[in-house]
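Being a predicted model, the structure only gives us computed values, none of them experimental. Each residue takes its place number in the sequence, starting with 1.
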Amino acid sequence: MRVFLVIAILVFTVSANAQTSKSVDELSFAAKTFKTPDGCQAPSQFQLQCADYSMVWIYMDTEMLKTMPEQAINQLSTQLKDFKKGEITVFLMGEKVKGYKIAFKSQKNGKKGYQIVAYGVVNQQPLLFQLSLEKDPTKNEMLPEFTRQIVGLEKP
């Protein structure tokens, strides 16, 4: 129940922020600052929305890291149509973390969508990261250029 509450709060915050035209100029990821890329909006320092991808991440404590990410992924499996999950190698800021590639069908338009969900400790900060894409990310070159500064599928 605690995980559901955390996810509900995250979704509400993202939705509430997305409804305003407010956008920040910088993103903060694991103690590193990035300029918001041109053509994208950052409703907060912890999320980015672009035409063909979006990213969001939340910071946790060590205890939450033990159970919350897997519970959040299981929650996604009940919410997404044609949900398929496969374990993949993911690097966040060059640190190898636990990662999954999720494929699903959009309930809005029926198109296939993809997510990379990864979690672990990056720069001494436990976090959960989610990258949503329209194209199947099979290698680094398929990831949007900006995202490659944060996430990779191969050792940088």
Colleague: Taking all non-hydrogen atoms of both residues, which atom of Trp57 and which atom of Gln47 are closest, and how far apart?
Modeller: CH2-N, 4.1 Å

Colleague: Is the NZ atom of Lys105 crowded by more than 12 outside heavy atoms at less than 6.0 Å?
Modeller: no

Colleague: Under a 4.5 Å cut-off applied to non-hydrogen side-chain atoms, are Phe146 and Leu48 in contact?
Modeller: yes

Colleague: Say whether Tyr119 and Glu70, considering side chains only, have a donor N or O and an acceptor N or O under 3.5 Å apart.
Modeller: yes

Colleague: Is any side-chain heavy atom of Leu65 closer than 4.5 Å to one of Thr62?
Modeller: no

Colleague: What distance do Leu143 atom CG and Arg148 atom CZ have between them, rounded to the nearest 0.5 Å?
Modeller: 6.5 Å

Colleague: Grab the two heavy atoms, one from Val122 and one from Val97, that are nearest each other, plus how far apart they are.
Modeller: CG2-CG1, 4.1 Å

Colleague: Please indicate whether Glu141 has more than 12 foreign heavy atoms, meaning atoms of other residues, nucleotides or ligands, lying under 6.0 Å from its CD.
Modeller: yes

Colleague: Between Tyr59 (side chain) and Ala30 (backbone), is there a donor-acceptor pair under 3.5 Å?
Modeller: yes

Colleague: Flag yes if Phe34 and Val24 sit in one hydrophobic cluster, no otherwise; membership is Ile, Leu, Val, Met, Phe, Trp, Tyr, and two members link when side-chain heavy atoms are under 4.5 Å apart.
Modeller: no

Colleague: Any non-hydrogen side-chain atom of Thr89 less than 4.5 Å from a side-chain atom of Lys96?
Modeller: yes

Colleague: Are the side chains of Pro126 and Met64 in contact, using a 4.5 Å heavy-atom criterion?
Modeller: no

Colleague: Out of curiosity, Met60 CE to Met68 CE, how far, rounded to the nearest 0.5 Å?
Modeller: 5.0 Å

Colleague: For the CE atom of Met55 and the CZ atom of Phe29, what is their distance to the nearest 0.5 Å?
Modeller: 7.5 Å

Colleague: Looking only at atom types and distance, does a side-chain atom of Asn123 sit under 3.5 Å from a main-chain N or O of Gln125, one as donor and one as acceptor?
Modeller: no

Colleague: Looking only at heavy atoms, what is the nearest atom pair of Leu133 and Ile116, with distance?
Modeller: CD1-CD1, 4.5 Å

Colleague: Less than 4.5 Å apart, any side-chain heavy atom of Phe104 and any of Leu76?
Modeller: no

Colleague: Find out whether Phe46 and Ile58 are in side-chain contact, i.e. whether some heavy atom of one side chain is under 4.5 Å from a heavy atom of the other.
Modeller: no

Colleague: Is there a side-chain contact (heavy atoms from CB on, under 4.5 Å) between Leu127 and Leu92 once you walk through the steps?
Modeller: CA-CA 10 Å; Leu127 60 85; Leu92 295 175; 3.7 Å; yes

Colleague: Between Ser54 and Gln49, is there a donor-acceptor pair closer than 3.5 Å when you use the side chain of the first and the backbone of the second?
Modeller: no

Colleague: Compare every heavy atom of Pro37 with every heavy atom of Tyr53, then report the nearest pair and how far apart it is.
Modeller: OH-CG, 4.2 Å

Colleague: What closest approach, in Å, do Thr138 and Leu153 show between heavy atoms, and which atom pair accounts for it?
Modeller: C-CD1, 3.9 Å

Colleague: To the closest 0.5 Å, what do you measure between CE (Met142) and OG1 (Thr147)?
Modeller: 12.0 Å

Colleague: If I take atom OH from residue Tyr114 and atom NZ from residue Lys135, how far apart are they, to the nearest 0.5 angstrom?
Modeller: 11.5 Å

Colleague: Assess whether atom CG of Asp52 is packed by more than 12 heavy atoms of other residues, nucleotides or ligands within 6.0 Å.
Modeller: yes

Colleague: To check you understand the geometry: which heavy-atom pair defines the closest contact between Leu27 and Ala42, and what is its length?
Modeller: CD2-CB, 3.5 Å

Colleague: I'd like to know if Asp82 and Lys112 make a salt bridge, using a cut-off of under 4.0 Å between side-chain N and carboxylate O.
Modeller: no

Colleague: Going from NZ on Lys101 to CD on Gln115, what distance comes out if it is rounded to the nearest 0.5 angstrom?
Modeller: 12.5 Å

